[in-house]
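One structure below.
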Protein chains: 2
Amino acid sequence: MTALSTAATSGRKKRGEGHTRRDEILQAAKDLFLEQGYDATTIRKIADRVGVSAPALYLYFQDKEAMMLALCDQTFALLIDSIDQIEKGPGMPVERLNRFGDAYVRFGLSHPDEYRLIFIGNNIPESLRRVGHRMPTDDPDRPGVGGAIVFSRLVALLAQIEASGVRLNYPPDTCAELCWMSMHGLVAALIMKPEFPWSDRETLIGAMLQIVETGILRKA
Amino acid sequence: MTALSTAATSGRKKRGEGHTRRDEILQAAKDLFLEQGYDATTIRKIADRVGVSAPALYLYFQDKEAMMLALCDQTFALLIDSIDQIEKGPGMPVERLNRFGDAYVRFGLSHPDEYRLIFIGNNIPESLRRVGHRMPTDDPDRPGVGGAIVFSRLVALLAQIEASGVRLNYPPDTCAELCWMSMHGLVAALIMKPEFPWSDRETLIGAMLQIVETGILRKA
DNA sequence: GTAGATAAGTTATCAACGGTAAGTTACCAC
DNA sequence: GTGGTAACTTACCGTTGATAACTTATCTAC
């Protein structure tokens, strides 16, 4: 008689409580995306887990992509938080760059599934491909801008470093791109092929940070 | 009366000529994959372009993935070829490392779909997840090993560099990993977010190569 | 030259997918 | 109560990758 689903809640939401259903959907979608990937996660699976019918999801999200976008923003907020902690923290700009890179890599490694989802997201549909890297001209209130925020923080930090008197080998923007690309390559490799016999993680992280810094900062 | 399709050939193949149909399918699939991407390319579109019915494709390929895998192997053979040319070519090992990196990046940028599948490939169906990152113990005759071959060539080149008397800042394996990760980060970024206002491509390629080399090779 | 054998292909169909239309039910304000 | 509407459901659509079962052309053997 009663539903056999694993729904956290049962029955219809009261008036004005729709947002809690929205949260439930988001949580179920996140779990399933992480467990099975984007494509394998179907609208029906999400609906089943929540305990509602499939079309009910469309009351809260325009489509499947919108759920992914909302989740991306959630996860980016965590990363942005820890980066802001560093930016407000002590130390020379160069030291903060070190901590920035370190925090970025460790965030990726300790949230591998989210990182995969957001930064690597590859078989994700064309329309989502640009999540996290929207053009600056895009509406900043639209979901999916988290990556651009992280990146702009990095650009700002590089500009700070230059302003503090340290000479850069390339323009700050280019330095930021090179820095991010290197760190992303490191994280992506470790995440995507964890069973590959990579060298020691700590060694790789330290070495990559070292390489990027010595390559970007002009010898005094 | 006659077919309106753009099929290069018409009518049924003679006995023993099925392989030419297979080649036609592969060519059409490649064109469509490159034009529209993997997901947007449907079995029916490929079949239409070839001028046969959709199920006919299954006479030559087990499924859609098998077509992509065959194409990847085809394309990666090109990269491996050009890398082997470099390895056999003139110049000091260090110069060859430069040309290796350059060839690698340009290959990725000019074959984004194959690169995505082999090196970034993630949410692409489980069966393809580890394509390009197979363990050394895996069957080398299975399709999709192109990436691993490339990487092993890089390791060998780094070992050569060390053997030639150039001191490395890290063990050859670690250097190869750092080198590949950096280059991969560059390629992945440009491929996955092509609309982002990155700095000039040539500048980025040159800078990244420079950074990695100065970071890996010990100052004489 | 015709009778299998079989390569090369077709038509019909499947279940599952994302998404929509239209109807239903529970709740709240008045 | 009763109207309005938020919160759903059922029924359905076109498209997808893939399969089953049937047909047709071609080659070989006698």
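In this text the structure is predicted, and so the values were computed from the model without any measurement. Note on naming: letters A, B, ... go to the chains in the order of the sequence lines (proteins, then strands), and numbering restarts at 1 for each one.
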Practice task
Kindly say whether, by distance alone, the side chain of R12(A) makes a donor-acceptor pair under 3.5 Å with the base of dT25(C)?
Solution key: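 Result: at least one qualifying N/O pair found.
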Practice task
Measure from the side chain of K64(B), starting at C-beta and using heavy atoms only, and say which of dT10(D), dA12(C), dG17(D) lies closest.
Solution key: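 Looking only at side-chain atoms, K64(B) lies closest to dG17(D).
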Problem - Side-chain N or O of K13(A) closer than 4.0 Å to phosphate OP1/OP2 of dA7(D) - result: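 For dA7(D), OP1/OP2 do not have a side-chain N/O of K13(A) under 4.0 Å.
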Practice task
Considering just the side-chain nitrogens and oxygens of T42(A), establish if one lies under 4.0 Å of OP1 or OP2 belonging to dC17(C).
Solution key: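 The answer is yes; a side-chain N or O of T42(A) sits under 4.0 Å from OP1 or OP2.
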Nearest-Å distance, [atom1] ([X]) to [atom2] ([N])?
X: K14(B); N: dT26(D); atom1: NZ; atom2: C1'; answer: 8 Å
X: Y60(B); N: dA18(D); atom1: OH; atom2: P; answer: 18 Å
X: L57(A); N: dT9(D); atom1: CG; atom2: C1'; answer: 13 Å
X: R44(A); N: dT20(C); atom1: CZ; atom2: C1'; answer: 12 Å
X: D39(A); N: dG17(D); atom1: CG; atom2: C1'; answer: 13 Å
X: H19(B); N: dG9(C); atom1: NE2; atom2: P; answer: 12 Å
X: Y58(A); N: dC12(D); atom1: OH; atom2: C1'; answer: 14 Å
X: R21(B); N: dG9(C); atom1: CZ; atom2: C1'; answer: 9 Å

Problem - Ion pair K13(B)/E24(B), N-O distance below 4.0 Å - result: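 So K13(B) pairs with E24(B) through a salt bridge.
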Handout entry: R153(A)/E87(A) salt bridge by N-O under 4.0 Å criterion
Key =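 R153(A) and E87(A): salt-bridged.
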Practice task
Answer yes if the side chains of D31(A) and Q27(A) hold a donor-acceptor pair under 3.5 Å, and no otherwise.
Solution key: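 The answer is yes; a qualifying pair exists.
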Exercise for the section: For E17(B) and for P55(B), locate the closest nucleotide of DNA chain C by heavy-atom distance; then report the residue assigned to the nucleotide nearer the 5' terminus. Expected result: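 Looking at the nearest nucleotide for each, E17(B) comes out on the 5' side.
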Handout entry: Sugar-phosphate, base or nothing in reach of T20(A), heavy atoms under 4.0 Å
Key =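 Counting heavy atoms under 4.0 Å across all strands, no contact is made by T20(A).
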Practice task
Have a look at L59(B) and say if it touches a base, only the backbone sugar-phosphate, or nothing, with a 4.0 Å heavy-atom cut-off.
Solution key: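 Base contact.
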Practice task
Flag the pair L59(A) / R21(A) as yes when at least one side-chain heavy-atom distance between them is below 4.5 Å, and no otherwise.
Solution key: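 Answer no - side chains too far apart.
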Handout entry: Along DNA chain D (nearest heavy atom to each residue), the more 5'-positioned of A40(B) and A54(A)
Key =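 Looking at DNA chain D, the more 5' nearest nucleotide goes with A54(A).
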Practice task
Sort out for me which residue in Y115(B), F107(B), F151(B), Y104(B) forms a ring-ring contact (aromatic ring centres under 6.0 Å, His included) with H184(B).
Solution key: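 The residue from Y115(B), F107(B), F151(B), Y104(B) that satisfies ring-ring contact (aromatic ring centres under 6.0 Å, His included) with H184(B) turns out to be Y115(B).
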